[in-house]
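As structure tokens, the structure follows; a few thoughts come after it.
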Amino acid sequence: MRAKILIAVTLLSGLLIARNLHVIMTQLPDELNQGAVYRIIYFHVPAAFTAMVGALVSFVASILYLTRKEMRYDAMAVAGTEVALTFGAVNLVTGMLWARPIWGIWWTWDARLTSMLVIWLMYAGYLMLRKAVDDPTSRARNAAVLSVFTFPGTLFVWKAIEWFRTQHPGPVLSIRNGGGMAAGMEGPLYLNFLALALLSAVVIAMRMRQEQAQRELDGIRQSLYAA
Amino acid sequence: MDNVNLQFLFYGYAVAWLIVAGLVVALIRREKSLHDQVKQLRRLVEERDGAPAPRRDAEVRRT
């Protein structure tokens, strides 16, 4: 039953992305100043939103682990971090590929870009920390603490374009009182975010199941060698 | 200008999907690793007990 739900959600996500790609490529006009390349926004911004949701999942799960000491929350935290890392990478790289033709540069050390890169590196460090600690309880505890302290940086990334003058554009979307996109152009962006969020939910569910299976296998192996 | 913009648009979408594909591949590889560990443990149990290890219902149905 659970497998069927995951397959259904994955298919829904795929159909939604296919539908959105059709709308983005065939129905939306080119942007007045940027031409066709502005369409990168339809993955660049949803990827950022998805990465932040992954970071939030990791943050909440880490707090739950530290308070309740249940390993399933550790599994949820690592799954959320992997989603944050993957879609954070998508956001950074698509941003660079968009910046090159529009700004004439691949990168600049402004508040938004720099803080996003720093947060991404910290979440990469979270996964490296987990590889370095053998004991499951210590690994879960240390990783949870790192995740809890890293998450506030994500909020800084969100607000950076309001607090600082940046090369990165200021708020554009209507949800941030930007008003910078024409009517009809914002909808596919939120639908793509929904599609990526659904895909991320499936990934998190699968990773949690894999972590649980790994724990059970480790327990069985220990009993076998002890016997 | 338009050709250059279309090129970067293509690169952007290609990279986005490659990175997501990387996540999916990592998931599949981890799943395969788990299956290999189950096989190894089953072999260990058979060697220790001298009898075939009991199989899960799902595997029995597949055969």
Side-chain angles (χ1 to χ4, degrees), chain A residues 3 10 13 17 21 24-25 30-31 33-44 46-47 50 79 82-83 85-102 192 196 199-200 202-204 206-207 209-214 216-221 223-225 227, chain B:
Chain A
T10 306
S13 168
I17 290 175
L21 278 174
I24 290 163
M25 294 300 178
D30 286 352
E31 203 270 343
N33 299 311
Q34 299 186 36
V37 76
Y38 93 99
R39 287 178 172 84
I40 287 183
I41 196 176
Y42 294 107
F43 280 94
H44 175 71
T50 308
E82 287 179 358
V83 164
L85 210 60
T86 303
F87 288 100
V90 171
N91 174 249
L92 285 166
V93 175
T94 54
M96 288 167 65
L97 288 166
W98 191 1
R100 181 68 181 123
I102 300 303
N192 255 5
L196 294 183
L199 187 63
S200 299
V202 171
V203 166
I204 288 173
M206 287 181 66
R207 277 296 281 122
R209 196 183 62 167
Q210 286 177 347
E211 286 288 310
Q212 187 195 347
Q214 185 65 62
E216 287 176 9
L217 283 169
D218 289 341
I220 293 170
R221 194 178 285 115
S223 322
L224 276 175
Y225 286 126
Chain B
M1 170 77 165
D2 279 347
N3 277 345
V4 169
N5 278 357
L6 279 172
Q7 219 173 18
F8 279 95
L9 177 64
F10 169 75
Y11 292 151
Y13 275 49
V15 158
W17 285 114
L18 276 172
I19 292 173
V20 174
L23 177 67
V24 172
V25 165
L27 267 177
I28 293 170
R29 285 179 65 176
R30 201 173 273 115
E31 195 79 21
K32 186 178 179 309
S33 164
L34 286 169
H35 280 295
D36 291 343
Q37 287 179 56
V38 167
K39 275 189 206 165
Q40 185 197 36
L41 281 173
R42 188 170 284 125
R43 231 180 5 254
L44 274 172
V45 168
E46 286 174 5
E47 282 170 12
R48 190 189 69 168
D49 296 344
R55 302 174 83 171
R56 288 172 53 190
D57 285 345
E59 287 167 321
V60 170
R61 274 203 298 275
R62 269 206 294 275
T63 58

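Residue numbering restarts at 1 for every chain, and letters A, B, ... go by the order of the sequence lines.
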**Request:** Please look at B/F8 and chain A and tell me whether the side chain, the backbone, both or neither of the residue comes under 4.5 angstrom of a heavy atom of that chain.
**Result:** both
**Item:** Distance, nearest 0.5 Å, that separates CZ of A/F43 from CG of B/L9
**Value:** 10.0 Å
**Fill in**
To the nearest 0.5 Å, atom OG of A/S223 lies from atom CG of B/L41 at 9.5 Å
**Proximal component of A/A47, with respect to chain B [non-hydrogen, under 4.5 Å]** = neither
**Request:** Show your working on side-chain contact (heavy atoms from CB on, under 4.5 Å) between A/Y225 and B/L44 and close with a plain yes or no.
**Result:** CA-CA 10 Å; A/Y225 286 126; B/L44 274 172; 3.7 Å; yes
**Message:** As an exercise: rank A/H44, A/M206, A/R221 by heavy-atom pairs under 4.5 Å with chain B and give me the winner.
**Reply:** A/R221
**Asked** Where on A/L85 is there a heavy atom nearer than 4.5 Å to chain B: the side chain, the backbone, both, or neither?
**Response** neither
**Complete:** If one checks every heavy atom of A/L21 against chain B at 4.5 Å, the contacting part turns out to be side chain
**Item:** Which portion of A/I24 sits near chain B, non-hydrogen atoms under 4.5 angstrom
**Value:** side chain
**Item:** With A/E211, the side chain to side chain contact (heavy atoms under 4.5 Å, CB included) member among A/R209, A/R207, A/Q214
**Value:** A/R207
**Request:** Output yes when a side-chain donor or acceptor of A/Q210 lies under 3.5 Å from a complementary backbone atom of B/L27, and no otherwise.
**Result:** yes
**Message:** If I measure from the heavy atoms of chain B, does A/Y38 come under 4.5 Å with its side chain, its backbone, both, or neither?
**Reply:** neither
**Message:** For A/I17, which atoms come within 4.5 Å of any heavy atom of chain B: side chain, backbone, both, or neither?
**Reply:** side chain
**Item:** N/O donor-acceptor pair under 3.5 Å between B/S33 side chain and B/R29 backbone
**Value:** no
